[in-house]
**Student:** 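What follows is a single structure, and I will ask about it in a moment.
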Amino acid sequence: MVGSGGREHAICDAFRRSRQVKRLFCANGNAGIASIAECVPIRPDDVHALADFAATNQIDLTFVGGEISLALGIVDEFERRGLRILGPKKEAAELESSKAFAKDFMARYEVPTAKYAVAHSAGFAQLMLESGDFGNESTPVVVKADGLAAGKGVVVARNRAEAIAACSDMESLVGSAAAQKIVLEECLVGREVSLLAFVDGEHFALMPAVRDHKRIGEGDTGPNTGGMGTVTDASLLSPEEMQAIVDTIIHPTIHGCVRDGFPFRGILFLGLMMTAAGPQVLEYNVRFGDPEAQAVLVRLNTDLVDICAAILAGRLNELDVQWQPGSSACVVLAAEGYPGKPRTGDVISGLEKAATHDAVKIFHSGTSFQNGERGTVNDESNSSNTPLTTHVSPLVTAGGRVLGVTATGNDLSSALDRAYKAVSEIGWPGMQFRRDIGKSASAAA
Ligand code: AMP
């Protein structure tokens with residue numbers, strides 16, 4: 001497993017449920033992952049070191065959590081060396097790593113998405129706005145950095161003036177590499193939902209629809225975060241809406257990848273706006289989301305190793321991927337100061353008791369052990385090659401998002417109830433979380 005967040009903890013947990021997994025390694029891992037996998041200090045962007053590790057340790061299968069490794073071509077490198085790995089190759093990963101590439105791809109294959117224009121510099125984007133080539137004075141415009149920006153590269157501007165300001169701010173927001181090109185988009189109105197699928201190049205298996213909560217504050221207020229919670233529930237998408245997404249988005253996307261010469265193998269994540277004119281794509285991701293993975297994977301009943309094998313063999317159509325019926329919820333607990341500069345090093349209490357609650361799993365993101373025995377989430381200073389081992393020192397906060405308290409239930413309210421009861425056991429100074437995860441989640445809302 002490559003990665004070190006709550007998403008990777010949830011994926012490791014799914015692998016641990018497989019009887020086929022004999023040993024599980026995670027690079028880098030975190031304090032929670034260390035209880036179910038052997039953590040090794042290799043960064044996700046060190047593709048060559050990861051391949052060396054997989055070769056030396058005869059790893060049978062590598063699964064990639066995040067976009068950085070995929071955008072750097074980890075899959076191409078592993079395959080070149082005859083190592084089995086699950087994820088899209090670099091070219092297919094461009095659906096996420098370049099928004100301009102993704103928009104042109106969607107235009108080519110008539111995948112419904114917002115009207116757009118690509119500017120080859122921030123200055124040019126400003127000119128397009130000022131001259132009226134894109135948008136008009138009073139309509140909202142969405143301004144996006146082309147490259148990977150860890151969720152910071154999108155500004156929904158209320159009018160032309162704000163959009164122009166967003167263009168000039170973009171470089172300082174996301175860095176010059178990600179902001180080299182700017183994508184301007186029409187602002188869509190509707191209900192947001194995400195749909196993920198396992199894809200083997202030709203066939204796909206849908207996961208339960210999932211909704212995230214991006215803002216730090218209740219009622220969707222305050223700044224954006226990596227995600228403060230997620231729910232899965234049948235009411236998020238009606239069967240008709242699901243069918244429309246399959247027909248107008250998933251089929252053309254999979255076929256488009258084949259036609260363009262980069263069949264998509266891995267996890268396809270659609271960020272969608274359900275508009276009056278039907279579903280439209282806001283973004284493609286080429287991997288699980290965090291915290292979408294937590295809420296989705298706790299409901300996975302099929303062995304994840306079997307799914308990976310079917311994907312690699314191009315036989316996903318022969319596997320019946322099963323999900324636990326009902327719903328799930330993941331409530332993220334964050335450190336004081338998040339999403340700005342989080343305070344770290346606070347001792348976390350109540351975790352063991354919370355973990356005994358029925359149908360609850362607690363996934364770690366930014367945690368470590370107080371004496372530093374185990375790597376922290378973003379611990380890039382640890383250059384030794386010794387696997388991080390178990391200890392007894394107290395668990396402390398080590399990042400912005402700290403834990404994802406995740407529960408399943410027969411319906412959304414019971415999943416939420418279980419998650420929040422477990423949350424009430426946990427605490428540290430300055431802990432923050434949203435009390436309204438899953439409210440107004442349904443299609444009817
Ligand atoms: P993205 O990273 O492209 O998904 O954008 C992040 C967030 O910005 C989305 O979850 C939406 O809330 C919002 N957004 C992105 N594109 C649009 C659009 N064309 N219209 C309205 N909202 C958008």
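Numbering of ligands and ligand atoms starts at 1, following listing order. Because the structure is a prediction, the values reported are computed rather than measured. Position 1 is the first residue of the sequence, and the numbers go up from there.
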**Student:** Please check if the number of heavy atoms outside R17 that lie under 6.0 Å from its CZ is greater than 12.
**Tutor:**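 It does: R17 CZ has more than 12 such atoms within range.
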**Student:** Taking only heavy atoms of A114 into account, list the atoms of ligand 1 that are under 4.0 Å away from them.
**Tutor:**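 With A114 as reference, the close atoms of ligand 1 come out as 19 (N).
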**Student:** For D133, I'd like to know if atom CG has over 12 heavy atoms of other residues, nucleotides or ligands within 6.0 Å.
**Tutor:**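 Atom CG in D133 is packed in, count exceeds 12.
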**Student:** Taking all atoms of both residues into account, what is the closest heavy-atom pair of S97 and A71, and its distance?
**Tutor:** CB-CB, 3.9 Å
**Student:** Specify the protein heavy atom at minimum distance from atom 13 (C) of ligand 1: its residue, its atom name, and the distance to 0.1 Å.
**Tutor:**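 Nearest protein contact, heavy atoms only, for atom 13 (C) of ligand 1 is V156 CG2, 4.0 Å.
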**Student:** Identify the protein heavy atom lying closest to atom 20 (N) of ligand 1, giving its residue, its atom name and the separation to 0.1 Å.
**Tutor:**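 Heavy-atom neighbour on the protein nearest atom 20 (N) of ligand 1: L188 N, 2.8 Å.
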**Student:** Looking only at distance, does V154 have an N or O less than 3.5 Å from an N or O of ligand 1?
**Tutor:** no
**Student:** Fit a plane to each ring of H251 and F204, take the angle between them on a 0 to 90° scale, and name the class: parallel (under 30°), tilted (30 to 60°) or perpendicular (over 60°).
**Tutor:** perpendicular
**Student:** Nearest protein heavy-atom contact for atom 2 (O) of ligand 1: which residue, which atom, what distance?
**Tutor:** E283 OE1, 3.1 Å
**Student:** Considering heavy atoms of the protein only, find what lies nearest to atom 17 (C) of ligand 1 and give residue, atom and distance to 0.1 Å.
**Tutor:**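 Closest protein heavy atom to atom 17 (C) of ligand 1: L282 CD2, 3.4 Å.
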**Student:** Check for me whether E186 has a heavy atom closer than 4.0 Å to any atom of ligand 1.
**Tutor:** yes
**Student:** Around atom 22 (N) of ligand 1, find the nearest protein heavy atom and jot down its residue, atom name and distance.
**Tutor:** M273 CE, 4.0 Å
**Student:** What residue and heavy atom of the protein are closest to atom 3 (O) of ligand 1, and at what distance?
**Tutor:**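 Here the closest protein heavy atom is K144 NZ, 2.9 Å.
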**Student:** Would you say the ring centers of F25 and F53 fall short of 6.0 Å from each other?
**Tutor:** yes
**Student:** In terms of relative ring orientation, are Y109 and F105 parallel, tilted or perpendicular, with 30° and 60° separating the classes?
**Tutor:**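 Ring orientation of Y109 relative to F105: tilted.
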**Student:** Do the rings of F288 and F198 sit parallel, tilted or perpendicular, given the 30° and 60° boundaries?
**Tutor:** perpendicular
**Student:** Which atoms of ligand 1 sit under 4.0 Å from any heavy atom of K99?
**Tutor:** 1 (P), 2 (O), 3 (O)
**Student:** Output yes when E218 and R435 qualify as a salt bridge under the 4.0 Å nitrogen-oxygen rule, no when they do not.
**Tutor:** yes
**Student:** E192 versus ligand 1: do any nitrogen or oxygen atoms come within less than 3.5 Å of each other?
**Tutor:**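 It does: an N or O of E192 is found under 3.5 Å from an N or O of ligand 1.
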**Student:** Could you establish whether K214 and ligand 1 come within less than 4.0 Å of each other, counting only heavy atoms on the residue side?
**Tutor:** no
**Student:** Is C187 near ligand 1, meaning one of its heavy atoms is under 4.0 Å from it?
**Tutor:**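 True for this residue.
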**Student:** Would you call K89 and E79 a salt bridge, taking side-chain N to carboxylate O under 4.0 Å as the test?
**Tutor:**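 Looking at K89 and E79, the cut-off is met.
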